Amino acid sequence: MKPTGDDVVRHEVDPRDATAEHEALAVAGALFRSLGDPARLAILRHLCLGEHKVVELTAHLDLAQSTVSAHLACLRDCGLVTSRPEGRASMWSLTAAPQIVDVLGAAERLLAVTGESVALCPTYGAATAPTVHGRTAS
C-alpha cells in the first residue's frame, strides 16, 4: 500500500528551503548512523528493559568493557542514553525510552515487510556488517 500524505513523517523544515532540508537530513543521517552498529543496537535493546551498569551490559553482550563504554559514549553524545552515578558505578538508561522503543520496533516491522532483503545489500548487507555475540563487533 502506498503511503498517503498523512502517513509521511513531518518535520518542521520547509522542503522548498534546500539548505534547511539538507541540514535536517544530515541530522537524521547522523541519528541513523548512531543506530547502525549491531553492538549499539544491542545496548539500546538491553536498556529498553531498564537501567544497566557497564559491567552488566558487558556480561549480557559478551563484549569487552572498553567496547561497551565506547559505544555508550557514542550513544550519549548522540543524546540517546544518559547515566547517573550509583556508588562507584554509573547506571545507564535511555533518554527517550518510548521513542527509542518505537524506532526499534518500526525497524523490526520494516525488516519483516522487506523480508530482511537489506542483508543482501552489497554496501550495507550482512557480509559487510560487524556483528555481536561471538563475532567481531566494532
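Bear in mind the structure is a predicted one, so any value in this text is a computation, not a measurement.
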Note, [X] side chain near [Y] side chain (heavy atom, < 4.5 Å):
| X | Y | answer |
| --- | --- | --- |
| Trp92 | Val54 | yes |
| Leu75 | Leu94 | no |
| Gln65 | Val55 | no |
| Leu72 | Leu57 | yes |
| His52 | Met91 | no |

Compile the donor-acceptor pairs under 3.5 Å between side chains in residues 24-34 and protein atoms, sequence neighbours left out, one pair per line.
residue : atom : partner : partner atom : Å
Arg33   : NH1  : Gly29   : O            : 3.4
Ser34   : OG   : Leu31   : O            : 2.5

Could you give the distance from [atom1] ([X]) to [atom2] ([Y]), rounded to the nearest 0.5 Å?
| X | Y | atom1 | atom2 | value |
| --- | --- | --- | --- | --- |
| His71 | Leu61 | NE2 | CG | 9.5 Å |
| Ser90 | Glu51 | OG | CD | 10.5 Å |
| Cys74 | Ile43 | SG | CD1 | 9.5 Å |

Suppose we screen for side-chain hydrogen bond (donor to acceptor under 3.5 Å, both in side chains). Which residues come up paired with [X], at least two apart in sequence or across chains?
| X | result |
| --- | --- |
| Glu23 | none |
| Ser93 | none |
| Glu86 | Arg84 |

Next on the checklist: Given 3.5 Å as the limit, does a donor-acceptor pair link the side chain of Thr95 with the main chain of Leu80, or not?
Outcome noted: yes
Checklist entry - Would you say Thr67's side chain and Leu63's backbone share a donor-acceptor pair under 3.5 angstrom? => result no
Next on the checklist: Would you call the rings of His60 and His46 parallel, tilted or perpendicular, taking 30° and 60° as the class edges?
Outcome noted: parallel
Item to check | Intermediate values then yes/no, side-chain contact (heavy atoms from CB on, under 4.5 Å), Ile100 and Val81 | outcome: CA-CA 10 Å; Ile100 293 171; Val81 300; 5.9 Å; no
Checklist entry - Remaining members of Leu111's ILVMFWY cluster at a side-chain heavy-atom cut-off under 4.5 Å? => result Val118
Checklist entry - For Arg76, does the CZ atom sit with more than 12 other heavy atoms under 6.0 Å from it, leaving out its own atoms? => result yes
Checklist outcome for this item: Residues passing the side-chain contact (heavy atoms from CB on, under 4.5 Å) test with Gln99, sequence neighbours excluded, are Ala96
